[in-house]
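Chain A is the first sequence line, chain B the second, and so forth, proteins listed ahead of strands; every chain is numbered from 1. Note: hydrogens, waters and symmetry copies are ignored here, and every other heavy atom, side chains too, is used.
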4 protein chains.
Amino acid sequence: MLDPKQAIFPRKQPRQGRSAATYEAILEAAARILEREGPEGLTTNLAAELAGVSVGSLYQYFPSKEAIIAELIRAMRDQMLADLTDAAASLQDAPINVAVERLVAASIRHHADRPALARVLEAAQPMLPLHAETAAREAEIQALIMRTLKGYGVADPDQVAFDLIALTKGMVDAAAQAGAQDFAAVQARVVRAARGYLG
Amino acid sequence: MLDPKQAIFPRKQPRQGRSAATYEAILEAAARILEREGPEGLTTNLAAELAGVSVGSLYQYFPSKEAIIAELIRAMRDQMLADLTDAAASLQDAPINVAVERLVAASIRHHADRPALARVLEAAQPMLPLHAETAAREAEIQALIMRTLKGYGVADPDQVAFDLIALTKGMVDAAAQAGAQDFAAVQARVVRAARGYLG
Amino acid sequence: MLDPKQAIFPRKQPRQGRSAATYEAILEAAARILEREGPEGLTTNLAAELAGVSVGSLYQYFPSKEAIIAELIRAMRDQMLADLTDAAASLQDAPINVAVERLVAASIRHHADRPALARVLEAAQPMLPLHAETAAREAEIQALIMRTLKGYGVADPDQVAFDLIALTKGMVDAAAQAGAQDFAAVQARVVRAARGYLG
Amino acid sequence: MLDPKQAIFPRKQPRQGRSAATYEAILEAAARILEREGPEGLTTNLAAELAGVSVGSLYQYFPSKEAIIAELIRAMRDQMLADLTDAAASLQDAPINVAVERLVAASIRHHADRPALARVLEAAQPMLPLHAETAAREAEIQALIMRTLKGYGVADPDQVAFDLIALTKGMVDAAAQAGAQDFAAVQARVVRAARGYLG
DNA sequence: GATGAATGAGGATTCATTCAT
DNA sequence: GATGAATGAATCCTCATTCAT
């Protein structure tokens with residue numbers, strides 16, 4: 001399972017009508033299984049069944065199990081990047097404390113939404129040959145944070161951006177795994193750590 | 001694979017002679033496979049072959065594949081706890097800055113040693129029914145840090161301990177995954193974050 | 001695949017207009033796939049796509065994949081029979097040496113045209129329940145040759161016809177498989193063998 | 001099926017004891033299925049069942065279905081080469097007529113033994129990436145016949161050898177397919193054709 | 001008539017685990 | 001104790017065929 005040599009791009013991306021519904025149903029079913037059972041629990045037959053379609057249909061849209069996971073990862077990354085872009089755009093001349101708060105909030109959103117899913121997808125990522133692709137998205141994310149920090153005159157903004165992302169991920173993962181419900185509190189603590197790190 | 005309903009305790013832990021060597025050889029073989037190929041690449045047949053024993057022998061020592069992984073996780077946890085215990089014992093009346101440095105160093109050690117293995121084992125942990133068991137070890141670790149922090153008069157030491165462990169793990173994982181070699185530098189940045197968090 | 005229990009007759013044979021074009025397009029697409037990939041490579045979906053029609057349309061003309069192959073075989077047989085009939089008609093009082101040459105030339109024609117296709121179709125034939133049907137065509141072919149030979153006073157003309165057909169097929173197949181381009185030379189050697197056999 | 005990209009070499013070739021029995025049982029079972037049902041009828045599960053072993057065992061010896069067929073082809077070629085080598089060695093100063101008779105007999109033997117199997121294997125051969133390998137064996141066979149012909153002063157012995165092999169195969173295949181039982185008679189007619197070709 | 005999304009039986013292959021030797 | 005051949009359930013994936021639109 002999680003064969004790193006698998007094709008990871010969807011076969012077709014039907015963005016309308018019945019097909020789109022099937023496509024989304026498959027992704028949602030896979031997401032639920034991943035949340036409940038982890039990557040080992042995800043089988044194509046189970047995902048199809050849960051989505052209410054046949055295996056054949058699943059394979060019409062995704063060439064492999066890996067492609068489904070890859071697509072979920074892409075969606076997660078895309079949402080995070082979108083959230084961060086919005087947050088960055090909203091900053092204007094806000095003080096750095098506010099900036100950190102908004103960026104952290106944006107970084108956390110998908111974790112707060114579906115913590116278990118987020119955690120599983122993060123863990124699965126290095127097993128997939130997404131590197132080039134996801135690396136690019138990650139780089140965009142990091143660059144965006146970096147530019148924002150730079151705007152506030154932070155030294156070595158690249159490294160700092162990397163570390164802030166890392167510590168945020170670490171704290172949110174740990175909280176999620178420990179069963180945290182109150183992500184506002186988690187966010188507050190992450191902000192404290194980020195501010196502390198920035199000095 | 002990674003069936004959460006599997007037995008996870010070694011059949012016997014031979015602490016001497018040829019048996020002990022076989023036992024260790026199997027663990028080491030499994031560790032190498034996990035490092036190179038991830039959890040999907042670990043098969044009992046392959047581990048046995050790499051360890052230079054037959055599958056039959058492997059099953060004499062471990063009742064299931066899960067038990068091998070579980071044992072590696074235990075070993076990692078135990079080492080970390082031992083390192084932290086040593087670090088805590090060495091503190092005496094050292095100032096808090098020194099304390100943070102030593103504790104972080106102890107926390108990081110096994111990551112610095114075998115970053116890929118550490119990462120895989122962390123990810124595998126929630127898939128195994130180790131919770132009770134590892135939770136206890138994690139609690140010990142957290143308690144130890146908590147007590148140390150308390151000694152320095154830190155407020156809400158339990159939560160702080162939890163967060164420090166989490167952000168350390170997050171930063172080290174990210175660095176390891178990004179291919180970091182210089183773990184002294186990583187450690188320095190983690191210390192900066194920890195100190196910042198503590199205020 | 002190549003289920004011998006399948007229907008093997010076209011649903012309709014539209015001999016005019018758009019339908020005829022579609023019908024022919026499907027046959028030609030299937031032929032190309034068979035040439036390039038062999039029988040294992042032929043799928044109804046692929047054939048339809050290559051023909052520029054939908055699978056649904058394909059099934060409007062052919063009740064099964066087997067029916068497509070069967071039709072190609074029929075076409076090949078029919079062409080061969082037509083060629084042989086022409087050749088026989090042209091003989092008049094030509095000496096036997098000439099007769100052999102013309103008959104061999106007629107037998108070879110479709111091999112020379114599309115050697116790979118001819119070979120694949122020959123091989124597929126025994127897998128299909130064409131026996132009754134093709135056997136009849138083969139019998140006609142053999143009878144035609146037999147009658148011609150009889151006209152020249154050849155003894156045991158039935159057996160001789162059978163053997164001449166067989167050795168021709170064998171030599172041409174082998175040459176085709178070996179990548180022969182110059183089918184005139186192949187023809188010359190077949191003629192030599194045929195004349196030799198006739199004594 | 002008959003995926004040309006499959007591994008075609010046996011995994012282990014246990015030449016003794018129980019393993020050898022299993023290995024042979026699988027080959028024999030596959031051979032019987034090929035005889036009865038053709039290549040489409042051969043499934044790994046069926047072969048294993050007929051051989052009285054589990055699928056797992058089958059895959060211990062053969063990495064793919066293709067490897068089983070490839071091995072049967074190798075065996076057939078090897079037997080033919082051995083038969084021809086023996087025949088050639090027995091010729092001494094025998095006249096060419098006798099030589100032709102013995103070589104034809106050797107060429108035919110495996111067809112006479114299991115005509116249906118021989119036919120299926122011949123047809124399957126071009127579908128498998130045996131080319132390099134079998135081509136070598138075929139070349140050996142052709143070279144052997146060529147040398148023998150040369151010894152009798154036959155002109156263009158390479159081409160003649162090629163053609164004799166081809167016409168033999170063609171005639172025997174056709175006879176086998178037509179349900180011939182009396183391969184002595186077939187052999188006599190092949191000899192007639194071969195002598196005729198040689199002039 | 002044409003379309004192509006959907007179906008699901010069928011078949012290849014893997015791998016944790018057992019057990020006779 | 002050790003061995004490794006054997007097992008077979010589990011899983012991925014394909015493709016001929018149908019049928020609602």
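- Rounding to whole angstrom units, CG of residue A:Leu46 and C1' of F:dC13 are separated by 16 Å.
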- Task: Test salt bridge (Lys or Arg N to Asp or Glu O under 4.0 Å) on A:Glu122 and A:Arg119 and set out the steps.
- Result: CA-CA 5 Å; A:Glu122 304 272 9; A:Arg119 193 155 42 78; over 6 Å; no

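- Atom CD1 in B:Ile33 sits about 10 Å away from atom P in E:dA16, given to the nearest Å.
- Taking only side-chain nitrogens and oxygens, B:Gln60 comes nearer than 4.0 Å to OP1 or OP2 of F:dA2.
- Shown here, F:dA20 forms a base pair with E:dT3; the pair counts as Watson-Crick or G-U wobble because both key distances fall under 3.5 Å.
- Taking atom CZ on B:Phe62 and atom C1' on F:dA2, their separation rounds to 16 Å, with Å as the unit.
- Among the heavy atoms of the strands, none lies under 4.0 Å from D:Glu49.
- Between the P atom of E:dT13 and the CD1 atom of D:Ile26 lies a distance of 14 Å, rounded to the nearest Å.
- Separating the P atom of F:dT21 from that of E:dG1 is a span of 22 Å, rounded to the nearest Å.
- If B:Val53 and C:Pro63 are placed on DNA chain F by their nearest nucleotide, the residue sitting closer to the 5' end is B:Val53.
- C:Lys65 places its NZ atom 8 Å from the P atom of F:dT17, with the value rounded to the nearest Å.
- Ranking F:dT14, E:dA6, F:dT3 by closeness to the A:Arg11 side chain, first place goes to F:dT14.
- Looking at which nucleotide of DNA chain F each of D:Gly52 and A:Ser64 is closest to, the 5′-most match is held by D:Gly52.
- Using a cutoff of 4.0 Å between basic side-chain nitrogens and carboxylate oxygens, B:Glu49 and B:Arg32 are not scored as salt-bridged.
- Phosphate proximity of F:dC15 to C:Thr43: absent, as no side-chain N or O sits under 4.0 Å from OP1 or OP2.
- A salt bridge between C:Arg74 and C:Glu71 is present, with a side-chain N of the basic residue lying under 4.0 Å from a carboxylate O of the acidic one.
- Searching all strands for a Watson-Crick or G-U wobble partner of E:dT14 with both distances below 3.5 Å returns F:dA9.
- For B:Ser54 and F:dA2, the shortest distance from a side-chain N or O to OP1 or OP2 is not below 4.0 Å.
- Atom CD1 in A:Ile68 sits roughly 9 Å away from atom P in F:dC12 (whole-Å rounding).
- The nucleotide whose nearest atom lies closest to any side-chain atom of C:Asn45 is, among E:dT7, F:dA16, E:dA16, F:dA16.
- Regarding contacts with the backbone of E:dA16, a side-chain N or O of B:Thr44 is found under 4.0 angstrom from either OP1 or OP2.
- Look at C:Tyr59 and you won't find any side-chain N or O under 4.0 angstrom from OP1 or OP2 of F:dC19.
- D:Phe9 places none of its side-chain heavy atoms less than 4.5 Å from the side chain of D:Phe62.
- The residue among A:Leu58 and C:Val55 whose nearest nucleotide of DNA chain E is located toward the 5' end is C:Val55.
- Listed pair A:Thr22 / E:dA6 meets the phosphate criterion, a side-chain N or O lying under 4.0 Å from OP1 or OP2.
- Between B:Thr44 and B:Tyr59 the shortest side-chain heavy-atom distance falls below 4.5 Å.
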